[in-house]
Asks: 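Next up is a structure, given as structure tokens.
What you are looking at is a predicted structure, and each value in this text was computed from that prediction instead of being measured.
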Amino acid sequence: MLRYDAQTALVVVDVQNDFADPAGSLSVASGEAVVGHANSEIAMAQGAGALVVFTQDWHPESTPHFAKDGGIWPVHCVADTWGAELHPDLVIPADALRVRKGTKGEDGYSAFTMRDPVGGETTPTELEGLLRARGIERVVLMGLATDYCIKATALDARRLGFETHVLTDACAPVDLKPGDGVRAIDELEAAGVGMWRTVMR
């Protein structure tokens with residue numbers, strides 16, 4: 001089966017400085033290694049006429065998502081800061097779409113939905129509408145981090161009826177608890193998400 005075609009979207013999840021750069025405030029081990037995989041996949045997707053989407057956490061300075069405001073995470077990906085920028089080594093196509101999440105202080109784990117960290121209400125991002133408008137049927141995910149934003153996005157993609165695949169070697173976990181990344185992959189497989197590698201055999 002061809003990996004990419006005009007009905008496929010490659011979604012590059014949160015490959016931002018705060019996650020992918022060792023100097024980032026929430027740096028993910030091996031996060032920087034994801035960049036090279038991303039560029040190869042982006043080139044392949046473009047060559048096949050697939051849609052390329054980049055997601056970004058894009059938080060306000062204060063949000064219940066952050067530990068200083070009652071959450072669990074260090075301050076990260078604050079809008080219009082270095083940490084929120086996509087990694088400078090990413091090759092970003094001129095026509096690529098960007099979806100920014102958590103802009104009003106929500107938890108922005110999934111690229112499809114955001115959740116109020118206090119009340120728990122969920123609201124959709126624009127991603128589903130963008131994909132439907134372009135006739136997308138298959139979503140291929142890569143990026144950061146396996147056990148949070150990749151997992152949440154993949155589960156939402158399946159719930160919404162998209163054929164969904166994760167490029168497992170083009171992701172990296174936070175592993176807040178040891179083994180979280182492995183458990184996330186197991187959960188995704190159980191939900192019917194396909195597991196691919198960046199070099200298909």
Asks: Grouping I, L, V, M, F, W and Y whenever their side-chain heavy atoms are under 4.5 Å apart, do V140 and L144 come out in a common cluster?
Replies: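 They do share one cluster, since a chain of ILVMFWY contacts under 4.5 Å joins V140 to L144.
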Asks: Determine the minimum heavy-atom distance between L131 and A9, stating which atoms define it.
Replies: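 Heavy atoms of L131 and A9 come nearest at CD2-CB, 3.9 Å.
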Asks: Within the 3.5 Å criterion, strictly below it, is a donor on D156 or T153 matched to an acceptor on the partner's side chain?
Replies: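 There is no such pair between these side chains.
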Asks: Under the salt bridge (charged side-chain N to carboxylate O under 4.0 Å, His left out) criterion, do D186 and R183 qualify, and how do the steps go?
Replies: CA-CA 5 Å; D186 290 344; R183 285 186 287 272; over 6 Å; no
Asks: Count I, L, V, M, F, W, Y as connected when their side-chain heavy atoms are under 4.5 Å apart, and connections chain through other members. Are L51 and V99 then in the same cluster?
Replies: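 Linked, L51 and V99 end up in one cluster.
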Asks: Indicate yes or no: at least one non-hydrogen side-chain atom of V12 is less than 4.5 angstrom from one of I42.
Replies: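 Side-chain contact under 4.5 Å: yes.
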Asks: Step by step, would you call D180 with K177 a salt bridge (charged side-chain N to carboxylate O under 4.0 Å, His left out)?
Replies: CA-CA 6 Å; D180 277 354; K177 295 179 181 177; over 6 Å; no
Asks: Given side chain to side chain contact (heavy atoms under 4.5 Å, CB included), test V166 with W196 step by step and report yes or no.
Replies: CA-CA 6 Å; V166 169; W196 285 353; over 6 Å; no
Asks: Between atom OG1 of T122 and atom CD of E106, what is the distance when rounded to the nearest 0.5 Å?
Replies: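 Spacing of OG1 (T122) from CD (E106) equals 10.5 Å.
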Asks: I'd like to know if the side chain of T113 and the backbone of T123 have a donor-acceptor N/O pair within less than 3.5 Å.
Replies: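 Judged by distance alone, no pair lies under 3.5 Å.
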Asks: Counting only heavy atoms from other residues, nucleotides and ligands, does the tally under 6.0 Å from CD of E189 exceed 12?
Replies: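 Counting neighbours around CD of E189, more than 12 heavy atoms of other residues, nucleotides or ligands fall under 6.0 Å, so yes.
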Asks: Do you see a donor-acceptor pair shorter than 3.5 Å between the side chains of D69 and T63?
Replies: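 There is no such pair between these side chains.
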Asks: Can you list the steps and then say if L141 with H165 is a side chain to side chain contact (heavy atoms under 4.5 Å, CB included)?
Replies: CA-CA 6 Å; L141 300 170; H165 299 270; over 6 Å; no
Asks: Listed by chain and number, what are the salt bridge (charged side-chain N to carboxylate O under 4.0 Å, His left out) partners of R115, not counting sequence neighbours?
Replies: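 By the salt bridge (charged side-chain N to carboxylate O under 4.0 Å, His left out) rule, R115 matches D107.
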Asks: Determine the minimum heavy-atom distance between V13 and T55, stating which atoms define it.
Replies: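 Between these two residues, the closest heavy atoms are CA-OG1, 3.2 Å.
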Asks: So, the side chain of R197 versus the backbone of T168: is there a donor-acceptor pair under 3.5 Å, distance only?
Replies: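 Answer holds: no.
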Asks: Treating E85 as the side-chain partner and N17 as the backbone partner, does any N or O pair qualify as donor plus acceptor under 3.5 Å?
Replies: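 A pair under 3.5 Å: no.
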Asks: Atom CG of L167 and atom NE2 of H37: how far apart are they, to the nearest 0.5 Å?
Replies: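 Going from the CG atom of L167 to the NE2 atom of H37 covers 9.5 Å.
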Asks: Is the backbone of L130 close enough, under 3.5 Å, to the side chain of R134 for a donor and an acceptor to pair up by distance?
Replies: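 Indeed, once roles are kept as given, a pair shorter than 3.5 Å links the two residues.
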Asks: So how far is it from C171 SG to M195 CE, rounded to the nearest 0.5 Å?
Replies: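 The SG atom of C171 sits 9.0 Å away from the CE atom of M195.
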Asks: Let me see the working for Q56 and L86 under side chain to side chain contact (heavy atoms under 4.5 Å, CB included), right down to the final yes or no.
Replies: CA-CA 8 Å; Q56 292 171 274; L86 294 171; 3.7 Å; yes
Asks: Write down the atom of A145, the atom of V174, and the distance for their closest heavy-atom approach.
Replies: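 Nearest pair, atom of A145 first, then V174: CB-CG2, 3.6 Å.
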Asks: Taking all non-hydrogen atoms of both residues, which atom of E128 and which atom of F112 are closest, and how far apart?
Replies: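 For E128 versus F112, the nearest heavy atoms are N-CD2, 3.9 Å.
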Asks: If I compare all heavy atoms of P117 with all of P64, which pair ends up nearest, and what's the gap?
Replies: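 Answer, listing the atom of P117 first, then P64: CG-CB, 3.6 Å.
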Asks: Is M44 close to L10 at the side-chain level, that is, under 4.5 Å between some pair of heavy atoms?
Replies: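 Side-chain contact under 4.5 Å: no.
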Asks: So that I know where these two stand, are F66 and H76 an aromatic pair - ring centroids less than 6.0 Å apart?
Replies: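 Under 6.0 Å, so yes.
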Asks: Answer yes if M114 and L26 sit in the same cluster of Ile, Leu, Val, Met, Phe, Trp and Tyr residues linked by side chain heavy atoms under 4.5 Å apart, and no otherwise.
Replies: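 Not linked; separate clusters.
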Asks: Hey, is the main chain of A170 close enough, under 3.5 Å, to the side chain of T198 for a donor-acceptor pair?
Replies: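 It does not hold such a pair.
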Asks: Do D21 and W82 come close enough that some side-chain heavy atom pair is under 4.5 Å?
Replies: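 Yes - at least one pair of side-chain heavy atoms lies under 4.5 Å apart.
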Asks: Going through the checks in order, is the salt bridge (charged side-chain N to carboxylate O under 4.0 Å, His left out) test met by R3 and E41?
Replies: CA-CA 10 Å; R3 178 178 295 185; E41 292 296 318; 2.7 Å; yes
Asks: Answer whether the closest heavy-atom distance between the side chains of V52 and L97 falls below 4.5 Å.
Replies: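 Counting from C-beta outward, V52 and L97 never come under 4.5 Å.
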Asks: Please round to the nearest 0.5 Å and tell me the distance separating atom CD of Q16 and atom CG of L90.
Replies: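 It is 10.0 Å, given to the nearest 0.5 Å.
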Asks: Verify, without hydrogens or angle tests, whether T81 (side chain) and V78 (backbone) share a donor-acceptor contact under 3.5 angstrom.
Replies: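 Present.
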Asks: For a 4.5 angstrom cut-off between non-hydrogen side-chain atoms, does F162 reach R138?
Replies: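 A side-chain contact is absent here, since even the closest heavy-atom pair is not under 4.5 Å.
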Asks: What closest approach, in Å, do P60 and G102 show between heavy atoms, and which atom pair accounts for it?
Replies: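 Shortest heavy-atom separation between P60 and G102 comes out as CD-O, 3.4 Å.
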Asks: Hey, could you give me the OG1/NZ distance between T103 and K101, rounded to the nearest 0.5 Å?
Replies: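 The NZ atom of K101 is 11.0 Å from OG1 of T103, to the nearest 0.5 Å.
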Asks: Assess the pair F54 and H87: is the distance between their ring centroids shorter than 6.0 Å?
Replies: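 Ring-ring flag for F54/H87: false, centres at least 6.0 Å apart.
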Asks: Check whether any side-chain heavy atom of L188 lies under 4.5 Å from a side-chain heavy atom of K151, and answer yes or no.
Replies: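 In short, these two side chains touch, coming nearer than 4.5 Å.
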Asks: Please confirm whether the backbone N or O of C77 pairs with a side-chain atom of D57, one donor and one acceptor, at under 3.5 Å?
Replies: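 Here the side-chain-to-backbone pair does not exist.
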Asks: In terms of hydrophobic clustering (I, L, V, M, F, W, Y; side-chain heavy atoms under 4.5 Å; direct or indirect links), are V11 and L2 co-clustered?
Replies: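 No, V11 does not connect to L2 through the hydrophobic network.
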Asks: Could you check if a side-chain atom of T8 sits within less than 4.5 angstrom of a side-chain atom of I136, using non-hydrogen atoms only?
Replies: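 Side-chain contact under 4.5 Å: no.
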Asks: Between atom CD of E187 and atom CG of D147, what is the distance when rounded to the nearest 0.5 Å?
Replies: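 Interatomic distance, E187 CD to D147 CG, rounded to 0.5 Å: 10.5 Å.
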Asks: Are L155 and Y109 joined in one hydrophobic group, where the rule is that I, L, V, M, F, W and Y side chains link up if heavy atoms are under 4.5 Å apart?
Replies: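 No, L155 and Y109 fall in different hydrophobic clusters.
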Asks: Between H65 and W73, how do the two ring planes meet: parallel, tilted or perpendicular, split at 30° and 60°?
Replies: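 If you compare the ring of H65 with that of W73, the planes turn out tilted.
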Asks: Look at atom NZ of K104 and say whether more than 12 heavy atoms of other residues, nucleotides or ligands are closer to it than 6.0 Å.
Replies: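 No, the 6.0 Å shell around NZ holds no more than 12 heavy atoms from other groups.
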Asks: Examine distances only and state if a side-chain atom of D175 and a backbone atom of G181 form a donor-acceptor pair shorter than 3.5 Å.
Replies: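 Judged by distance alone, yes, a pair lies under 3.5 Å.
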